[in-house]
Visitor: 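Quick one: the structure is below, and I'll ask about it shortly.
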Amino acid sequence: MSLDLRSSYAPLLALAGTVGLLGGFLGAPPTWLLAWVGLLLPLLALVARWSPVRAGVGAAVLGVAAVALWPVPLMWGPASWLEVCGAAAFWAVPALGALAAGGHLRRQASRMRQAVRDGRRDQQLELARDLHDFVAHDVSAIVVQAQAARFVADKDPEQAVRALKRIEAAGLGALASMDRTVHALREAAGARSASVPGTSELPGLVERFEGGVLDADPAAARALSREADTTAYRVAVEALTNVRRHAPGAAVVRVRLHRAAEGIELSVANSAPARGAAGLLGLGLRRRSGTGLAGLRGRVEAAGGTLRAGASADGGWRVCAVFPAQGRALG
C-alpha cells in the first residue's frame, strides 16, 4: 500500500465525518445517513491502522462523533435526553470497535517490525561473535609464532621455518573463518548454522596449537546436539586463544571430550606456565570485546549446559563445559 494512499485516510475521514454531521442536522434522509455510517466505519479502521497519530486523532474524533450522533436529529423533540444519550452511546460502540480493530492491526504490525529489528540485531551480534571467536584464535597464533620465529631465526633456522608453516596454516584458518562469516551474511539463517564448525574440527584446531593434546571420544561427540556441538567447539577455540594470551609459557594444553556422569564434557586445561605466575590468569580472565568467561557461560547455558572455570591442582587453569547427552547410543 503506497504512502500517499495511507496519508489520505485521515483527511478523507475528517471530510466524511463533517459531511455526515452536517447532513444529519440539515435533515438528510435516514437511509442516506445509515449508508454514510457504513462508509465511516471502515474508514475509522483504516485511519487507526495506517494514519499518523496526530492527523488520525482529529479525524477519528470527527468520525466517531458522526457515527454516534447520526440518529440524534431524528429523535429530536419526542425523545428524552436519556433516550438520545442512549442511542448515541449505542452507535458509538461500532465506531470504537472499528478503531480498536485498526489499532490492534497497527500494534501487531509494530510488534512484527520490532521482532525483525531484534532478529537482525541478534544476527549482527552473532556474526560479530563468530568473527571474534574464530578469527581471533588464528590471529593470536600468527602473532605468537611470528614472535617465536623472530627470536630463533638466527640461531635455529629450522625452528623458524616450522614457525612460518604454522603461521601459514593459521592464516589460512583465519581466511576460512572470514569466508564462513561472509557466507553467513549472504545466506538465510538456516543455511548459516550449517557453516559453523563443530567438534569434528577439534583435531585440526588442536594440531595447530603448539603443545596441544587432544583426547576426544567420537561416541561422545555424536551424542551432542548440533547447537551443543558448535558451542563446544567455540569453548575450545576461546580457551585455546586465552592460553596464548594469558599463559604463553604453558608446556601442555589438554583438550578432552568425553562422557561424564552429568553428560558430555569438554575440558581445556593448561599446565602451569614456565615463567612464574604470568600464566596463572589462565583461560577465564579475558576482558576484551565483551567476551571471555561470561560470554562462554551464556553460550553454554543457551545450549542447555553448564560452564566451570578455575585453577587446577598443578597450578594451571581449567575450563570445563558439560552438555546434556542426546538419546543416541554412545557405543
Side-chain angles (χ1 to χ4, degrees), residues 115-138 173-174 176-206 209 214-242 255-269 283-284 286 289-309 318-331:
V116 170
R117 287 193 293 267
D118 291 344
R120 288 176 177 172
R121 184 180 66 251
D122 291 343
Q123 188 178 46
Q124 290 168 353
L125 292 174
E126 182 72 14
L127 291 171
R129 287 192 290 264
D130 284 350
L131 278 174
H132 170 268
D133 290 346
F134 299 132
V135 178
H137 169 76
D138 292 315
S177 299
M178 293 182 68
D179 286 342
R180 283 195 298 266
T181 305
V182 172
H183 179 73
L185 287 168
R186 294 175 178 171
E187 299 294 330
R192 190 177 71 83
S193 61
S195 67
V196 179
T199 55
S200 61
E201 298 192 26
L202 281 177
L205 176 69
V206 177
F209 193 91
L214 176 64
D215 178 13
D217 180 3
R222 290 195 299 270
L224 290 171
S225 66
R226 185 172 67 175
E227 183 181 9
D229 187 66
T230 58
T231 303
Y233 181 81
R234 288 174 184 270
V235 171
V237 169
E238 183 74 9
L240 292 174
T241 301
N242 285 335
V255 180
R256 190 177 183 212
L257 178 66
H258 66 104
R259 182 171 179 84
E262 301 89 351
I264 306 302
E265 179 180 286
L266 172 82
S267 62
V268 182
L283 307 177
R286 181 137 177 266
S289 305
T291 58
L293 186 61
L296 285 179
R297 179 170 286 113
R299 285 183 173 275
V300 172
E301 290 176 353
T306 58
L307 181 72
R308 301 187 301 272
R318 183 172 183 267
V319 168
C320 177
V322 180
F323 301 94
Q326 301 299 294
R328 297 187 296 271
L330 296 177

Visitor: Kindly compute the distance separating CD (Glu262) from CZ (Phe323), expressed to the nearest 0.5 Å.
Guide: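 Here the rounded value is 13.0 Å.
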Visitor: Identify the heavy atoms of Val319 and Ala309 that sit nearest to each other, and give their distance.
Guide: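 Closest approach of Val319 to Ala309: CG2-CB, 3.9 Å.
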Visitor: Could you go step by step and tell me if Arg256 and Arg318 meet the side chain to side chain contact (heavy atoms under 4.5 Å, CB included) rule?
Guide: CA-CA 11 Å; Arg256 190 177 183 212; Arg318 183 172 183 267; over 6 Å; no
Visitor: Tell me the closest heavy-atom pair linking Ala302 and Glu227, and the distance in Å.
Guide: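 Shortest heavy-atom separation between Ala302 and Glu227 comes out as O-OE2, 3.4 Å.
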Visitor: Taking Asp229 for its side chain and Thr199 for its backbone only, find out whether a donor-acceptor pair lies under 3.5 Å.
Guide: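 Yes; judged by distance alone, with no hydrogens or angles, the pair exists.
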Visitor: Do Leu266 and Leu202 come close enough that some side-chain heavy atom pair is under 4.5 Å?
Guide: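 They are in side-chain contact.
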Visitor: Would you give the length of the straight line joining atom CG of Asp215 to atom NE2 of His258, rounded to the nearest 0.5 angstrom?
Guide: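 So the gap between those two atoms works out to 8.0 Å.
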Visitor: With the threshold set at 4.0 Å, does a side-chain nitrogen-carboxylate oxygen contact exist between Arg121 and Asp118?
Guide: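 The answer is yes: the pair qualifies as a salt bridge.
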Visitor: OG1 of Thr230 to CZ of Arg299: how many Å apart, nearest 0.5 Å?
Guide: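 Reported to 0.5 Å precision, the distance equals 8.0 Å.
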Visitor: Compare every heavy atom of Pro324 with every heavy atom of Ala303, then report the nearest pair and how far apart it is.
Guide: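 That closest heavy-atom pairing would be O-CD, 4.2 Å.
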Visitor: Is any side-chain heavy atom of Val300 less than 4.5 Å from a side-chain heavy atom of Val322?
Guide: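 Sidechains of Val322 and Val300: no contact.
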Visitor: Do Leu205 and Val255 have side chains that approach each other closer than 4.5 Å (heavy atoms only, starting at C-beta)?
Guide: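 SC-SC contact between Leu205 and Val255 ruled out.
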Visitor: Quick one: OH on Tyr233 to CG on Leu224, what's the gap to the nearest 0.5 Å?
Guide: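 Result: 15.0 Å between the selected atoms.
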